[in-house]
Amino acid sequence: VQLQASGGGLVQPGGSLRLSCAASGSIFSINAMGWYRQAPGKQRELVAAITSGGSTNYADSVKGRFTISRDNAKNTVYLQMNSLKPEDTAVYYCAVSLYSSASSQVGHYRYWGQGTLVTVSS
């Protein structure tokens, strides 16, 4: 399984970005997909996850600002990020879970993308 993430970049505070991640290979559409991020010196943390049925799980820090969605036919997951803050600066990774639930446990995610850098700065 390979994951290809795109959409990162430099944006000013208050701006928006949309990340995309396409999965190829032998995965099942029932698997949950998610976005994690890792800032320098910090642990990798869940940003958002989504089941094949559309149930979602968000980190408290992004609720109301970020929206995760997926296209099961394309094995693609998206992350719409609005009202971005400097503390959102990190490398963002997409991942495919071994399970159907939108878990926050990093150990549940078996396949990882290469990461895309999001920098929020004026």
Side-chain angles (χ1 to χ4, degrees):
V1 176
Q2 293 186 327
L3 300 175
Q4 183 65 46
S6 61
L10 173 64
V11 63
Q12 292 186 343
S16 298
L17 280 176
R18 187 189 194 214
L19 305 182
S20 299
C21 178
S24 60
S26 299
I27 68 169
F28 297 103
S29 61
I30 63 170
N31 294 66
M33 300 179 76
W35 288 95
Y36 277 75
R37 67 186 180 187
Q38 188 165 18
K42 295 188 177 181
Q43 289 187 332
R44 191 170 296 191
E45 63 174 0
L46 177 76
V47 177
I50 186 168
T51 68
S52 61
S55 296
T56 56
N57 180 16
Y58 290 96
D60 288 342
S61 60
V62 306
K63 284 180 180 177
R65 300 188 298 122
F66 291 11
T67 302
I68 189 171
S69 60
R70 66 187 283 174
D71 184 332
N72 290 332
K74 297 181 179 179
N75 283 341
T76 300
V77 62
Y78 307 95
L79 185 68
Q80 177 66 43
M81 305 185 293
N82 298 329
S83 302
L84 282 160
K85 304 175 181 180
E87 51 264 43
D88 294 318
T89 295
V91 177
Y92 283 70
Y93 299 90
C94 60
V96 176
S97 175
L98 290 172
Y99 308 103
S100 59
S101 62
S103 170
S104 61
Q105 297 187 46
V106 65
H108 284 192
Y109 293 82
R110 174 64 176 84
Y111 305 103
W112 293 85
Q114 82 284 9
T116 184
L117 177 63
V118 172
T119 303
V120 185
S121 176
S122 56

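- Side-chain N or O atoms of Arg70 include one that pairs as donor or acceptor with a backbone N or O of Ile50 at under 3.5 Å.
- Distance alone, capped at 3.5 Å, is enough to place a donor-acceptor pair between the Arg65 side chain and the Ser83 backbone.
- Residue Ser55 holds its OG atom at 11.5 Å from CD1 of Ile68, rounded to the nearest 0.5 Å.
- A donor-acceptor pair under 3.5 Å is absent between the side-chain atoms of Tyr36 and the main chain of Ala95, judged by distance alone.
- Here the closest non-hydrogen pair linking Leu19 and Met81 is CG-CE, 3.8 Å.
- Nearest heavy-atom pair across Leu3 and Ala23 is CD2-CB, 3.1 Å.
- Remark: the backbone N or O of Ala5 is paired with a side-chain donor or acceptor of Gln114 at under 3.5 angstrom.
- Going from atom CH2 of Trp35 over to atom OH of Tyr58 covers 13.0 Å, rounded to the nearest 0.5 Å.
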side-chain contact (heavy atoms from CB on, under 4.5 Å) between Ser24 and Asn75, worked out: CA-CA 7 Å; Ser24 60; Asn75 283 341; over 6 Å; no
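- Defined by atom type and a distance below 3.5 Å, a donor-acceptor pair is missing between the side-chain atoms of Asn31 and Ser97.
- For the pair Ser121 and Leu10, the minimum side-chain heavy-atom distance is below 4.5 Å.
- No more than 12 heavy atoms of other residues, nucleotides or ligands lie within 6.0 Å of CD in Gln2, so this atom counts as exposed by the packing criterion.
- Residue Ser52 holds its OG atom at 11.0 Å from CE of Met33, rounded to the nearest 0.5 Å.
- Among all heavy-atom pairs drawn from Ala102 and Asn57, the shortest one is O-ND2, 3.0 Å.
- Note that CZ of Arg18 is 11.0 Å distant from CG of Asn82, once rounded to the nearest 0.5 Å.
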Salt bridge (Lys or Arg N to Asp or Glu O under 4.0 Å) evaluation trace for Lys63 with Asp60: CA-CA 5 Å; Lys63 284 180 180 177; Asp60 288 342; 3.1 Å; yes
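- Two different hydrophobic clusters hold Phe66 and Leu46 under the rule that ILVMFWY side chains link at heavy-atom gaps under 4.5 Å.
- Here Tyr93 and Tyr109 keep their ring centres 6.0 angstrom or further from each other.
- The local environment of CD in Gln43 is sparse, with at most 12 non-hydrogen atoms from other residues, nucleotides or ligands closer than 6.0 Å.
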Worked verdict on Lys74 versus Ser20 for side-chain contact (heavy atoms from CB on, under 4.5 Å): CA-CA 11 Å; Lys74 297 181 179 179; Ser20 299; over 6 Å; no
